[in-house]
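Heads up: the structure comes next, in structure tokens.
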Amino acid sequence: GENVEQHPSTLSVQEGDSAVIKCTYSDSASNYFPWYKQELGKRPQLIIDIRSNVGEKKDQRIAVTLNKTAKHFSLHITETQPEDSAVYFCAARGAGSYQLTFGKGTKLSVIP
Amino acid sequence: NAGVTQTPKFQVLKTGQSMTLQCAQDMNHEYMSWYRQDPGMGLRLIHYSVGAGITDQGEVPNGYNVSRSTTEDFPLRLLSAAPSQTSVYFCASSYSSAPPNEQFFGPGTRLTVL
């Protein structure tokens with residue numbers, strides 16, 4: 001089955017700096033890659049996703065890039081704000097599968 | 001719309017007890033799933049369903065049963081609780097099993113097994 005590795009497990013940045021979280025996946029046929037944000041004590045919520053036929057997608061301060069050859073994808077947050085502090089999860093969906101496989105999460109702390 | 005709802009929010013069980021975690025959605029979603037979240041382990045899929053009457057196992061199904069008799073409800077049953085099942089359980093649903101298939105999560109159930 002699919003295996004997703006996520007790095008780093010923790011990340012601290014100064015407010016206003018950029019943050020980058022990277023994930024690698026094992027199934028070269030995977031075709032859908034969402035990112036979820038989970039605030040403390042809350043449920044995970046989708047913040048951005050990308051399909052395998054697209055290399056990059058942006059939504060305001062958030063962007064995701066996908067490198068199918070290297071089998072990795074990354075989340076980029078620019079101009080970080082304290083409210084960006086949360087745990088971020090990447091996930092991948094294998095072709096022909098109904099399942100999302102999640103990475104283990106990155107705890108992002110934005111220091112004011 | 002209430003979205004995805006879960007009950008109870010908190011539960012304490014003794015080893016060997018059984019219980020059912022309830023999950024319901026009012027969005028007419030086809031796909032529903034159950035995850036457990038443990039510290040440092042991310043979200044791991046327990047069971048999922050692609051429609052009423054259809055269920056399948058995920059990554060960590062042992063010790064859990066599910067059924068899907070209606071589109072709206074997807075209960076998770078713990079047959080004989082064990083301390084290793086202490087976790088936060090999330091139910092999720094999406095309109096379709098095909099991408100893009102944003103999964104909407106319920107608020108979670110925090111389960112402690114003594």
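Keep in mind it's a predicted model, so treat the numbers as computed, not measured. Protein chains get the first letters and strands the later ones, always in sequence-line order, with residue 1 at the start of each.
Counting heavy atoms of neighbouring residues, nucleotides and ligands inside a 6.0 Å radius, atom CD of A:Q81 exceeds 12 of them. Other residues, nucleotides and ligands place more than 12 heavy atoms under 6.0 Å from the CG atom of B:L114. Annotation: A:E15, atom CD; neighbour count of heavy atoms from other residues, nucleotides and ligands within 6.0 Å is above 12. More than 12 non-hydrogen atoms from other residues, nucleotides or ligands lie less than 6.0 angstrom from CD of A:E83.
Under the 4.5 Å side-chain contact rule for hydrophobic residues, B:M27 and B:Y48 do not share a cluster. Residues A:F73 and A:V20 do not share a hydrophobic cluster, clusters being chains of Ile/Leu/Val/Met/Phe/Trp/Tyr side chains in contact below 4.5 Å. Connection of B:V4 to B:Y31 is not established within any shared hydrophobic cluster, with ILVMFWY side chains joined at heavy-atom distances below 4.5 Å, either directly or through further cluster members. Both B:M32 and B:I46 are members of a single hydrophobic cluster when ILVMFWY side chains are connected at heavy-atom separations under 4.5 Å. Cluster annotation: B:I54 is not connected to B:V66 through the hydrophobic network of ILVMFWY side chains, with a link wherever side-chain heavy atoms come within less than 4.5 Å.
Two residues are said to be in side-chain contact when any heavy atoms from C-beta on lie closer than 4.5 Å; B:F105 and A:K42 fail this criterion.
Of the two parts of B:F104, neither the backbone nor the side chain holds a non-hydrogen atom closer than 4.5 Å to a non-hydrogen atom of chain A. Of the two parts of B:V88, neither the backbone nor the side chain holds a non-hydrogen atom closer than 4.5 Å to a non-hydrogen atom of chain A. Residue B:Q6: no heavy atom, backbone or side chain, is found under 4.5 Å from chain A. In this structure, the portions of A:P44 lying under 4.5 Å from any heavy atom of chain B include both its backbone and its side chain. Only the side chain of B:L45 comes within contact range of chain A, with at least one heavy atom under 4.5 Å from a heavy atom of that chain.
Per-residue counts of heavy-atom pairs under 4.5 Å with chain A were compared for B:R44, B:Q37, B:R110; the largest is that of B:Q37.
The minimum heavy-atom distance between B:E102 and A:Y32, with the atom names listed, is N-OH, 3.9 Å. Summarising the geometry of B:F90 relative to A:Q38, their closest heavy-atom pair is CZ-NE2, 3.5 Å, with the distance given to 0.1 Å.
Using modelled atom types, one finds no donor on one side chain facing an acceptor on the other under 3.5 Å when comparing B:E59 with A:Q99.
Residue-level contacts of residues 100-109 of chain A with chain B, in order of numbering, are A:L100, A:F102, A:G103, A:K104; threshold 4.5 Å between heavy atoms.
One distance of note links CD of B:Q103 with CZ of A:R93; it measures 9.5 Å at 0.5 Å rounding.
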